[in-house]
Amino acid sequence: MSNWPKVTDQNPLGLDDPSLLIQKGLIDGKWVDTDSGKTFEVQDPASGKVIGTCPDQTVADTKAAIDAAYKAFSTYRTTSPAQRQAYLTELHRLYQASINDITRLIVWENGKSWNDAFAEATYAGSFFSWFAGEAIRTNGETIPCSVPGTRNITIKQPIGVVALLVPWNFPAAMIARKLGPALAVGCTSVVKVPSETPFTTLAIVELARRAGVPDGVINVITTDSNLQDVGKELCTNPLVHKVSFTGSTRVGKILAEQCTSTLKKMSLELGGNAPLIVFDDADLPTAVAGTIASKFRGSGQTCVCANRIYVQDGIYDKFAKALAEKVAQFKVGCGFDEGVTHGPLIHMRQADKVDEHVQDAVSKGAKILVGGKRGKGTEYIPTVLADVSDDCLITTEETFGPVAALFRFKTEEEVIAKANNTEVGLAGYFFSEDVDRVFRVSEALETGMVGANTGMISQAVIPFGGIKESGYGKEGGHQGTEEYMVTKLIAIGSRIKQ
């Protein structure tokens, strides 16, 4: 059955609900353009064709969105947990009913294959369900006091207006992971969407409006040429009390510096350089499947994907052969086409970077087992490199593409040292059937998350986040809810008896 949408002049993306294609920003409940009338184009990575436009909004628009969010916060913060749960429950229902359209939008603007995009859409929906439950679990506590006649209690309150800066690589999942907890605890938000993939986020926000979320609670800024100025405004405006950003370490550091002017709370999910280790005692089919799941999801354009794959000598040749055989079966093309497993990369400079990493590795002795070349446009053929040396760019830089680089190692101590020899620490993976090693290596890896005998760690129920220069703060789980609240102490004294 073809996944190609039925495109018409009136319905250019072939959505079941054409009204979900929104090409405007949102301020105080109104879909708006910008005073200058300037727009930017959104392209289909598979064809390079323009699929729509959005207003190139400005700092003035951003200030208006912040003011709207601040005004809405005065009332939204007082809504009951049950009411906020109801909004999220209805949003989840509407989202599930529109999941095919969300999938189509992801394919159109991000380029993922249909199956990959549908998996992301499903994953994104789980956050609305999870945080609907979290809305009624914002519990305080009673703390015994050493002072006679005094009682200590704590309550949890929403932090205020939050700025949500989302990336292009997961246009549905990242907004769901940030917007879900904000809505659940009573925060209002200003969302800055990526210029590459604005339509998925805009559709989800429209579904939130249909779910009854009040005007001004969610505001959306779309911009391209004014990106840096808009980001600075969100980080320095005193009415914004928290910034949540997913993106590169370089940009994260800039935003963190800007946020110091008002000491905003931040959640930063930044770049990774994930090690994946295959020990001699690993189950080979499990290790191969787990490596593919980690490395090639989203054509390798994920912060948690394996970047350095270390394979122990005793299993190296078997693993390399088995992995290459599986990767050779992948089909690259437009995500709507029959049988396509992997779509193009998001833009040409990303394809250029991937090719640079491959050519650098080959020049230093690596062997191409499969792939190692470009396809049409921004496509890059899924690649397996063997005998990669430690002085390659791949060792120190995040490739963000479909390249599995295999490094040999001899001992556990050696590979732990190599795995930890990086300034970032988002995710790490390893495969072993030795239960002692499972605990030992999990504790030794300097990452915020570890996948042991699995390449898939992302779930709505877990605390997602890194350490070192991969950022701080958690998204998902009950920890993700805490990130959007403040804990207030109330010490209650009693009347002094005369």
Exam field: side chain S432 to backbone V438, donor-acceptor pair closer than 3.5 Å:
no
Test K156 against E482 for salt bridge (Lys or Arg N to Asp or Glu O under 4.0 Å), laying out the working first.
CA-CA 9 Å; K156 301 292 181 66; E482 294 285 341; 3.0 Å; yes
Atom NZ of residue position K232 - does it have more than 12 heavy atoms of other residues, nucleotides or ligands inside 6.0 Å?
no
Is the number of heavy atoms from other residues, nucleotides or ligands under 6.0 Å of F279 CZ greater than 12?
yes
Considering non-hydrogen atoms only, spot the tightest contact between S294 and T302 and give its length.
O-OG1, 4.5 Å
Using the side chain to side chain donor-acceptor pair (under 3.5 Å) rule, take K326 and T291 through it: C-alpha gap first, then chi angles, then the decisive distance, then the call.
CA-CA 11 Å; K326 290 288 187 181; T291 300; over 6 Å; no
Spacing of OG1 belonging to T222 relative to NZ belonging to K192, to within rounding of 0.5 Å
10.0 Å
Worked check of side chain to side chain donor-acceptor pair (under 3.5 Å) between D61 and T58
CA-CA 5 Å; D61 295 313; T58 65; 3.2 Å; yes
Determine which pairs satisfy salt bridge (Lys or Arg N to Asp or Glu O under 4.0 Å) with at least one residue from residues 160-177, sequence neighbours left out, and list them in order.
R177-E269, R177-E475
Which value, rounded to the nearest 0.5 Å, describes the distance between F430 atom CZ and T454 atom OG1?
11.5 Å
Look at the rings of F296 and F330 and say which category their plane angle falls in: under 30° parallel, 30 to 60° tilted, over 60° perpendicular.
perpendicular
Among V213, V162, V166, L164, exactly one meets side chain to side chain contact (heavy atoms under 4.5 Å, CB included) together with L179. Which residue is that?
L164
Parallel under 30°, tilted from 30 to 60°, perpendicular over 60°: which one fits the rings of F336 and W4?
tilted
So Y87 and Y76, would you call those rings parallel, tilted or perpendicular, with 30° and 60° as cut-offs?
parallel
Side chains of D56 and T223: do they bring a donor and an acceptor to under 3.5 Å?
yes
Determine whether more than 12 heavy atoms belonging to other residues, nucleotides or ligands lie under 6.0 Å from atom NZ of K265.
yes
Which heavy-atom pair separates E109 from P171 by the least distance, and what is that distance?
OE2-CB, 4.2 Å
If you measure from OG1 on T200 to CD1 on I102, what distance do you get to the nearest 0.5 Å?
6.5 Å
Does one side chain, of R84 or T138, offer a donor that lies under 3.5 Å from an acceptor on the other?
no
How far apart are the C-alpha atoms of R297 and E120, what are their side-chain angles, what is the distance that settles it, and do they pass the salt bridge (Lys or Arg N to Asp or Glu O under 4.0 Å) test?
CA-CA 10 Å; R297 183 166 57 116; E120 182 196 339; over 6 Å; no
Is E257 paired with K253 through a side-chain N to carboxylate O contact shorter than 4.0 Å?
no
Heavy-atom pair with the smallest gap, counting every atom of P81 and A135:
CB-O, 3.2 Å
Take F464 and V304, measure what side-chain contact (heavy atoms from CB on, under 4.5 Å) needs, and give me the verdict at the end.
CA-CA 10 Å; F464 189 105; V304 293; 3.4 Å; yes
So, taking the atom named CG in L207 and the one named CG in D17, what distance separates them when rounded to the nearest 0.5 Å?
8.0 Å
Restricting to non-hydrogen atoms, name the atom on A419 and the atom on T422 that form the minimum distance, rounded to 0.1 Å.
O-CG2, 3.7 Å
Heavy-atom neighbours of K468 NZ exceed 12 at 6.0 Å:
yes
CD (E423) with more than 12 external heavy atoms under 6.0 Å:
yes
Check step by step if side chain to side chain donor-acceptor pair (under 3.5 Å) holds for E134 and T481.
CA-CA 7 Å; E134 283 291 280; T481 312; 2.8 Å; yes
Might you point out which heavy atoms bring D28 and N219 nearest each other, and give the distance in Å?
N-OD1, 2.8 Å
Under the 6.0 Å and 45° cation-pi test, does K112 pair with F118?
no
Do any N or O atoms from the side chain of T150 and from the backbone of G493 form a donor-acceptor pair under 3.5 angstrom?
no
Could you give the distance from OG1 (T122) to CD1 (I99), rounded to the nearest 0.5 Å?
3.5 Å
Backbone of Y95 reached by a side-chain donor or acceptor of S98 within 3.5 Å
no
What verdict does the side-chain contact (heavy atoms from CB on, under 4.5 Å) test give for I457 and Y429, after you've listed the backbone C-alpha separation in whole Å, the side-chain angles of each residue and the deciding distance to 0.1 Å?
CA-CA 9 Å; I457 57 176; Y429 309 86; 3.9 Å; yes
Treating Q301 as the side-chain partner and G298 as the backbone partner, does any N or O pair qualify as donor plus acceptor under 3.5 Å?
yes
Atom CZ of residue position R210 - does it have more than 12 heavy atoms of other residues, nucleotides or ligands inside 6.0 Å?
yes
Walk me through whether L20 and F199 qualify under side-chain contact (heavy atoms from CB on, under 4.5 Å).
CA-CA 8 Å; L20 287 179; F199 297 143; over 6 Å; no
Counting only heavy atoms not in H478 (residues, nucleotides, ligands), do more than 12 fall under 6.0 Å from its NE2?
no
Between K24 and D33, what is the shortest heavy-atom contact and its length?
NZ-OD2, 2.9 Å
Donor-acceptor contact present, side-chain N11 to main-chain L15, <3.5 Å:
yes
Taking the basic N atoms (NZ, or NE/NH1/NH2) and the acidic carboxylate oxygens, is any pair closer than 4.0 Å for R104 and D101?
yes
Hey, what do you get for CD1 (I221) to CD1 (I66), rounding to the nearest 0.5 Å?
8.0 Å
